[in-house]
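Inspection log for the structure reproduced underneath, given as structure tokens.
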There are 2 protein chains.
Amino acid sequence: MEKRPITLKDIAKALDLSTSTVSRAMRGHPAISEETRKLVQQYAEEHKYKPNTLALSLRTNKNNTIGVIVPEIVHFFFSSVLAGIQDEAESENYHLLMCNSNEMYEREVKSVQTLLDARVCGILASMSKNTLEYRHFQNIIDDDVHLVFFDRICPGINADKVVADDYRGAFTAVDYLAETGCSRIAFLGSDSHLPISNNRRMGYEDALRKHKLPVEKKWIKVCDTTALAQQVIPEMLDEENRPDAFFCINDEVAAYCLQIVKASGFRVPEDISICGFTNGYITEVTDPALTSVDQHGYEMGREAARLLINRIEGVETKKGVVSRLIKTDLVIRQSTR
Amino acid sequence: MEKRPITLKDIAKALDLSTSTVSRAMRGHPAISEETRKLVQQYAEEHKYKPNTLALSLRTNKNNTIGVIVPEIVHFFFSSVLAGIQDEAESENYHLLMCNSNEMYEREVKSVQTLLDARVCGILASMSKNTLEYRHFQNIIDDDVHLVFFDRICPGINADKVVADDYRGAFTAVDYLAETGCSRIAFLGSDSHLPISNNRRMGYEDALRKHKLPVEKKWIKVCDTTALAQQVIPEMLDEENRPDAFFCINDEVAAYCLQIVKASGFRVPEDISICGFTNGYITEVTDPALTSVDQHGYEMGREAARLLINRIEGVETKKGVVSRLIKTDLVIRQSTR
DNA sequence: GAGGATTATGCACACGTTTGCATAAAAAAT
DNA sequence: ATTTTTTATGCAAACGTGTGCATAATCCTC
């Protein structure tokens with residue numbers, strides 16, 4: 001009952017040839033006569049011969065597979081990156097092994113182990129928010145497996161990286177807010193151990209300085225989840241010297257911010273401007289539509305995959321770390337003046 | 001310079017044993033003395049021996065990998081399903097090979113081929129909107145690879161499936177719309193060759209009949225993209241006998257519908273009620289927040305993966321097709337009365 | 001027509017495992 | 001002391017492929 005797929009050996013037996021001849025015939029080796037080559041290839045075609053990739057992998061110790069670790073799948077930005085990685089990998093004939101750390105350190109460690117055990121050629125990773133220990137990433141490098149970080153890079157590891165131009169994105173956005181008359185601009189960010197947040201904060205501060213606006217501690221908060229938003233934003237609105245603009249670390253926080261601000265009786269953007277980061281689906285369905293900084297996740301995915309594949313195939317040979325910056329673009333909608 | 005990972009053979013040589021003994025010692029075979037077993041296992045531990053999964057796969061012709069084909073990654077529902085699949089697969093020690101058809105028939109065919117070539121143990125698939133030819137799916141079955149469809153099933157193929165209870169979700173939603181006083185309820189659906197859309201339409205119609213409301217052709221439209229929404233909805237609002245409720249095939253269309261309706265000067269929900277389907281992120285950020293039918297994508301993913309794995313491991317032995325229905329829940333927010 | 005160059009094919013091994021069978025050594029039974 | 005049983009190990013083959021080397025067959029050249 002078991003239907004065994006046809007192998008080179010089967011073809012050899014059927015045609016009364018040796019497996020080596022068949023193997024060479026299939027790959028068009030010059031030392032094989034035109035006659036037998038055609039014979040073999042036709043027979044293979046007819047019997048739907050498919051090379052066993054497992055055997056091939058074993059022999060070359062290369063399985064044409066790259067592993068991906070994302071902190072969260074159900075997320076516009078990360079799924080965009082994933083789509084980019086997927087497209088690039090597919091066009092280069094690489095398979096994609098997917099892992100999801102779910103923002104948990106333990107699962108991230110386990111994912112790395114899983115991918116190394118699966119003998120992937122390289123790994124694309126974006127770090128979980130809760131990762132403070134980097135040993136597992138170092139293990140990848142120690143195993144001579146290529147590693148490229150995207151977006152959430154790991155500061156303690158010497159590896160290639162592809163990141164959005166967070167600094168410039170933040171600078172441009174805050175510059176725009178200031179240009180349009182906002183003078184008390186708040187920054188709702190993440191924990192400062194994440195380079196992503198830190199870089200944006202620097203862009204934010206530099207833009208303030210450019211406009212001779214004060215950098216106030218009380219207007220810089222860790223607020224990167226909707227739960228935190230519900231708590232932090234009302235407090236800020238209650239103060240006598242309330243912000244007249246919110247620059248948020250992601251679109252979700254911005255959207256909740258918008259709701260809270262409206263519910264508190266302020267008009268957007270007349271009283272308060274709001275700007276998000278990512279430029280995902282939700283920016284177009286809020287009322288008013290959300291101004292946001294486009295991170296070009298799809299492009300980041302493609303770029304990261306391309307860099308990794310170039311490393312794997314020895315096209316990229318730079319000794320040190322390669323860093324790619326994906327440009328960011330401010331997309332102005334109705335939530336800012 | 002090349003650091004080759006340590007193998008059973010290496011251990012054997014180092015300990016002056018045969019590879020077979022080492023192999024048995026590692027797996028705790030009873031015919032191996034306690035003494036050598038400990039010796040081997042300790043040596044393996046010290047030298048960080050990792051079994052080569054490629055070799056194992058070749059031997060057993062089983063690579064503990066399942067393939068997934070989704071029509072679109074950047075989509076709340078599908079990424080939710082993916083997350084569910086991922087979690088279930090991981091807990092059962094299966095790897096995930098991911099493909100993205102991007103709603104294109106050709107890429108779907110290619111994805112199937114890719115996965116079969118990779119010798120996956122099974123495939124989870126959701127059909128692209130543009131797929132009308134089913135031969136590639138039949139190939140999976142002919143190759144004796146397990147196949148489970150989720151959500152967008154393929155009507156022409158005899159395979160296991162896990163789907164949302166679309167009929168009941170639609171019925172419940174439309175029933176609720178009617179209960180709350182709507183009498184001219186429009187259905188913005190997909191092409192009727194998709195079972196998903198067809199089942200919902202039947203639920204929609206049955207709910208209308210229950211309330212003795214007429215089923216009008218002009219209130220049933222194909223409108224499953226935001227682009228179509230921009231075109232179709234204004235036309236419907238312009239008619240003298242305009243709908244007083246829109247039941248939409250997904251949240252995106254519902255959100256755009258909401259915008260268009262508001263922009264046309266109608267109040268939501270006082271003049272017109274709007275209901276979406278999926279219950280994704282955006283339902284909470286529109287104004288008013290969107291009533292929607294929760295499809296429980298994550299659960300669907302887990303269920304589909306579990307079913308597939310049960311098939312692979314011979315736990316599920318039913319001869320015919322197994323169909324699982326994932327319950328749907330109406331989540332009432334402010335876009336309906 | 002004998003030697004050399006060319007062409008086409010096969011043998012054997014390798015990749016890292018697992019496993020049926022044989023076997024050596026030790027222990028037990030007669 | 002010899003046979004039988006037990007225990008622990010090794011040999012060899014297998015999974016499906018690719019490749020260096022040997023070799024058989026053909027052709028050319030003088």
Side-chain angles (χ1 to χ4, degrees), chain A residues 2-41 43-44 47-65 93 116-121 143-144, chain B residues 2-41 43-44 47-65 93 116-121 143-144:
Chain A
E2 271 290 327
K3 207 180 351 171
R4 211 175 39 80
I6 186 170
T7 76
L8 287 188
K9 225 181 273 186
D10 297 330
I11 301 183
K13 198 169 294 174
L15 264 45
D16 200 31
L17 289 169
S18 75
T19 41
S20 24
T21 303
V22 175
S23 169
R24 283 190 258 257
M26 288 301 297
R27 334 193 77 226
H29 193 283
I32 299 295
S33 72
E34 191 69 9
E35 191 185 10
T36 44
R37 211 205 68 210
K38 277 187 178 163
L39 182 70
V40 168
Q41 291 188 343
Y43 187 93
H47 292 72
K48 298 190 199 303
Y49 166 75
K50 293 283 161 51
N52 185 325
T53 51
L54 270 45
L56 236 150
S57 298
L58 173 60
R59 188 150 209 301
T60 60
N61 205 23
K62 204 193 166 209
N63 58 2
N64 260 60
T65 298
N93 280 317
L116 289 181
D117 286 355
R119 296 289 208 279
V120 295
C121 307
D143 273 16
D144 281 327
Chain B
E2 272 290 328
K3 209 180 346 172
R4 210 174 41 81
I6 186 170
T7 77
L8 286 188
K9 223 182 275 187
D10 297 330
I11 301 183
K13 197 170 293 175
L15 265 42
D16 199 32
L17 289 169
S18 76
T19 41
S20 24
T21 302
V22 175
S23 169
R24 283 191 259 258
M26 288 301 297
R27 337 192 75 226
H29 192 284
I32 299 296
S33 71
E34 191 69 10
E35 189 185 11
T36 43
R37 211 205 65 211
K38 277 187 177 163
L39 182 70
V40 169
Q41 290 189 344
Y43 187 94
H47 292 70
K48 298 188 199 304
Y49 165 76
K50 293 280 162 50
N52 186 327
T53 51
L54 268 46
L56 235 150
S57 297
L58 173 60
R59 193 151 205 300
T60 59
N61 206 23
K62 205 196 165 207
N63 59 3
N64 259 62
T65 298
N93 279 317
L116 289 181
D117 286 355
R119 296 289 208 278
V120 295
C121 309
D143 272 18
D144 281 329

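Quick note on labels: first sequence line is chain A, next is B, and so on, each numbered from 1.
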Can you find a pair of side-chain heavy atoms, one from [X] and one from [Y], that are under 4.5 Å apart?
| X | Y | result |
| --- | --- | --- |
| L54(B) | N63(A) | yes |
| I6(A) | Y43(A) | yes |
| L116(A) | K50(B) | no |
| P5(B) | R119(A) | yes |

Please tabulate, one pair per line, each protein N/O and nucleotide N/O from nucleotides 24-28 of chain C that are separated by under 3.5 Å, including the distance.
none

Selection from [options] that lies nearest to any side-chain heavy atom of [X]:
| X | options | result |
| --- | --- | --- |
| S33(A) | dG10(C), dT9(D), dA8(C) | dA8(C) |
| S18(A) | dG16(C), dT17(D), dC11(C) | dC11(C) |
| L58(B) | dG16(D), dC15(C), dT17(D) | dG16(D) |

Does [X] reach a base, just sugar-phosphate, or nothing at all? Heavy atoms under 4.0 Å.
| X | result |
| --- | --- |
| L54(A) | nothing |
| D10(B) | nothing |
| T36(A) | sugar-phosphate |
| N61(B) | nothing |

Distances under 3.5 Å only, N/O to N/O: pair up the protein atoms with those of nucleotides 25-27 of chain D.
none

Spell out, as yes or no, whether a donor-acceptor pair under 3.5 Å connects the side chain of S23(A) to the backbone of T19(A).
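No, because the side chain of S23(A) does not come within donor-acceptor range (under 3.5 Å) of the backbone of T19(A).
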Check: L58(B) main-chain N/O paired with N52(A) side-chain donor or acceptor under 3.5 Å
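Side chain of N52(A) to backbone of L58(B): no pair is present.
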Check: protein-nucleotides 19-21 of chain C nitrogen or oxygen pairs below 3.5 Å:
residue : atom : partner : partner atom : Å
dG20(C) : O6   : R24(B)  : NH2          : 3.1

